[in-house]
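What follows is a single structure, written as structure tokens, with notes after it.
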There are 2 protein chains.
Amino acid sequence: MPTYDHPRPALSVDCAVFGLSERGLEVLLVQRDLAPFEGSWALPGGFVREDEDLEEAARRELREETGLEGVFLEQLYTFGERGRDPRGHVVSVAWVALVNVRDHAVSAATDARDAAFFPVGDLPELAFDHDHILAVAEERVRGKVRYRPIGFELLPPEFTLAQLQHLYETVLGRELDKRNFRKKLLAAGFLEDTGEREEGVPHRPARLYRFDPEAYARLERDGFEMWI
Amino acid sequence: MPTYDHPRPALSVDCAVFGLSERGLEVLLVQRDLAPFEGSWALPGGFVREDEDLEEAARRELREETGLEGVFLEQLYTFGERGRDPRGHVVSVAWVALVNVRDHAVSAATDARDAAFFPVGDLPELAFDHDHILAVAEERVRGKVRYRPIGFELLPPEFTLAQLQHLYETVLGRELDKRNFRKKLLAAGFLEDTGEREEGVPHRPARLYRFDPEAYARLERDGFEMWI
DNA sequence: GCAAAAGTGTTGAAGGTACACCCATGT
DNA sequence: ACATGGGTGTACCTTCAACACTTTTGC
């Protein structure tokens, strides 16, 4: 069966991009400008070109449809059930990203009428099996945030421990004890005190911390484990 | 970009099937009977047909090339780097399975000259990027066995605690304390005492246990967690 | 001085690890 | 009776969860 001419499924990529706002956890959707599902909201994504790397394809679609660039993408799962796309057999490699919404203005572009963040608890009907992909993505994020410091992409580069705790509470969907949280995170050793303080708040300003990727890489290499 | 005619990568599946023997952890390989890499050893796998479900494709290839059937497959990762296949752009969805070697005779068939288990520490050169896929698969198994009772597929249906402990020690690559291991596993509540004993051993015969999938499903549903 | 959030320690319970001997069976 | 692996309990230590008050700042 030669590679260049046997009949084969089409291959696409789809991205579940999560952000955080006052409304809680949100996900980036685009409004489709083409059939099928024209006018429906969907995860940003599209077909992989021949000789295109999967991650590059995901980045390209994200850039083309939403204007987002430079995010960290993690491969989630590959969905290939028959019937998931009315156009025929389309296998989709799904990716997850976490972004700080304030740093990334989104704007609709190619093939997309509009692009916007929606709270995960209040979504429109989604095209294809994107509700399923999104459920898997959310589960992955919730599962992973408990043992890997992956939430930091959702915050500004410098943040207070209260903001970080709030992030964890939002993603995990439960409250955490302030003292225990601070003890655990500071003891973990990958937070760097910037020496700076919050400004312009009508109460005692909090210290600002930074995530230290090198320190974390060192800890991980040495078999460190942390659980929230 | 219509689905039915745009140029697209080819899609394949590859399976990393692990088994256990006196030699330790082993993986199932096939000797290729076709170019490219004719005569090389490789993970069993092949092209996904149009309208074929991904998992079905993995099962079909496993059956055709090695005679294995009825195993539990878990999707591992999708590999799509340019240059991983000399025939062109081939994206491969990799799957992992664990099997009890004694229950599954393997035999070469379609497109494969031979099929056999090899100890993971003593492998031949592999075709394509299969050494890389296998490394990822091994990491997944080692990681997962610590918090999910996935090792049971590697043992006969009824097994002694010593066999189970040996399995964990083999997969994890370190020794475990017998008393603590027994305490933890029996307390976990998904092992069922069959009431039977080992037979024909030149020493006190051990109790035989069975993995109880329903009990485990119940525990998992209730948010149970176990760590070795 | 008042409101609002920051920051800080201790105690009790549970769980994990380390460790050594007797038991049942086959030969 | 001896060799071989099966089977069992305890003490210490570490880790986790629960819990309330003082401090600093802006207004």
Side-chain angles (χ1 to χ4, degrees), chain A residues 20 22 145-149 155-156 158-170 172-211 219 222-228, chain B residues 20 22 145-149 155-156 158-170 172-211 219 222-228:
Chain A
L20 199 68
E22 318 72 43
V145 80
R146 293 187 51 210
Y147 63 97
R148 287 285 165 87
L155 295 177
E158 305 194 346
F159 48 85
T160 69
L161 286 178
Q163 286 177 294
L164 187 59
Q165 181 177 346
H166 181 241
L167 182 161
Y168 272 88
E169 290 178 336
T170 301
L172 295 175
R174 66 185 154 100
E175 303 216 322
L176 300 171
D177 179 84
K178 180 165 65 156
R179 278 168 293 191
N180 293 337
F181 182 83
R182 300 167 82 89
K183 252 182 295 183
K184 196 176 291 196
L185 271 286
L186 292 176
F190 50 70
L191 292 185
E192 188 186 356
D193 188 340
T194 64
E196 309 283 310
R197 302 287 170 109
E198 252 184 324
E199 278 176 29
V201 289
H203 56 76
R204 175 172 175 180
R207 287 164 187 270
L208 290 170
Y209 293 85
R210 215 189 335 256
F211 176 61
L219 290 163
D222 299 346
F224 155 90
E225 287 182 10
M226 190 195 71
W227 284 85
I228 294 286
Chain B
L20 198 69
E22 318 73 42
V145 80
R146 292 188 51 209
Y147 64 97
R148 287 285 165 85
L155 295 176
E158 305 194 345
F159 48 83
T160 68
L161 286 178
Q163 286 177 294
L164 186 59
Q165 181 177 346
H166 181 240
L167 181 161
Y168 272 87
E169 291 178 336
T170 301
L172 295 175
R174 65 183 157 100
E175 303 214 321
L176 300 170
D177 179 83
K178 180 166 62 158
R179 276 169 294 191
N180 295 335
F181 182 82
R182 300 167 83 88
K183 253 182 297 183
K184 194 174 294 194
L185 271 286
L186 291 175
F190 49 70
L191 291 186
E192 187 187 357
D193 189 338
T194 63
E196 309 283 309
R197 302 289 169 108
E198 253 183 324
E199 278 178 27
V201 289
H203 55 76
R204 174 174 176 179
R207 287 164 186 271
L208 289 171
Y209 293 87
R210 213 187 340 253
F211 177 60
L219 290 163
D222 300 345
F224 156 90
E225 288 182 8
M226 191 196 68
W227 285 86
I228 295 283

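Every chain is numbered from 1, with letters handed out A, B, ... down the list of sequences.
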ask   = Taking the nucleotide of DNA chain C with the closest heavy atom to each, which residue, A/P202 or A/N180, is nearer the 5' end?
value = A/P202
inquiry  = By nearest heavy atom, map B/R204 and B/W227 onto DNA chain C; which one lands nearer the 5' end?
reply    = B/W227
message = Is there a side-chain contact between B/W227 and A/W227 in this structure, where contact means two heavy atoms from C-beta onward sitting under 4.5 Å apart?
response = yes
ask   = Do A/E196 and A/R210 touch side chain to side chain, with heavy atoms closer than 4.5 Å?
value = no
ask   = When the distance from CZ of B/R146 to P of C/dG16 is rounded to whole Å, what number comes out?
value = 12 Å
request  = Could you point out which residue of B/D193, B/T160, B/L191, B/T194 forms a side-chain contact (heavy atoms from CB on, under 4.5 Å) with B/R207?
outcome  = B/D193
query = Closest to the B/P205 side chain: D/dT8, C/dT25, D/dG6?
reply = C/dT25
key: Residue B/A206, side-chain heavy atoms: nucleotide from D/dG9, C/dA5, D/dG7 that is nearest   = D/dG7
message = Expressed as a whole number of angstroms, how long is the span from B/R207:CZ to C/dA24:P?
response = 11 Å
key: Any donor-acceptor N/O pair under 3.5 Å between D/dG7 base and B/K178 side chain   = yes
remark   = A/D193 CG to C/dA6 P, in whole Å, measures 15 Å
message = With a cut-off of less than 4.0 Å, is there a side-chain N or O of B/R182 near OP1 or OP2 of D/dG7?
response = yes
note = By nearest-heavy-atom nucleotide on DNA chain D, the more 5' of B/Y209 and B/H203 is B/H203
query = Quick one: which of C/dA6, D/dG6, C/dA18 gets closest to the side chain of B/D177?
reply = C/dA18
query = Quick one: A/E198 CD to D/dG26 C1', roughly how many Å, whole number?
reply = 12 Å
key: Whole angstrom value for the distance that separates C1' of D/dT15 from CZ of A/F181   = 18 Å
A/I228 vs A/V145 side-chain heavy atoms within contact, under 4.5 Å = no
query = Taking atom C1' of C/dA5 as reference, at what distance in whole Å does atom CD of A/E199 sit?
reply = 17 Å
ask   = Do B/L161 and B/Q165 pass the side chain to side chain contact (heavy atoms under 4.5 Å, CB included) test, and can you show the C-alpha distance, the side-chain angles, and the key distance before you say yes or no?
value = CA-CA 6 Å; B/L161 286 178; B/Q165 181 177 346; over 6 Å; no
note = Here the distance between atom P of D/dG7 and atom CD of B/Q165, to the nearest Å, is 12 Å
inquiry  = Under 3.5 Å, is there any donor-acceptor pair linking the side chain of B/R179 to the base of C/dA20?
reply    = yes
request  = Let me know the distance between CE of A/M226 and P of D/dC16, rounded to the nearest Å.
outcome  = 11 Å
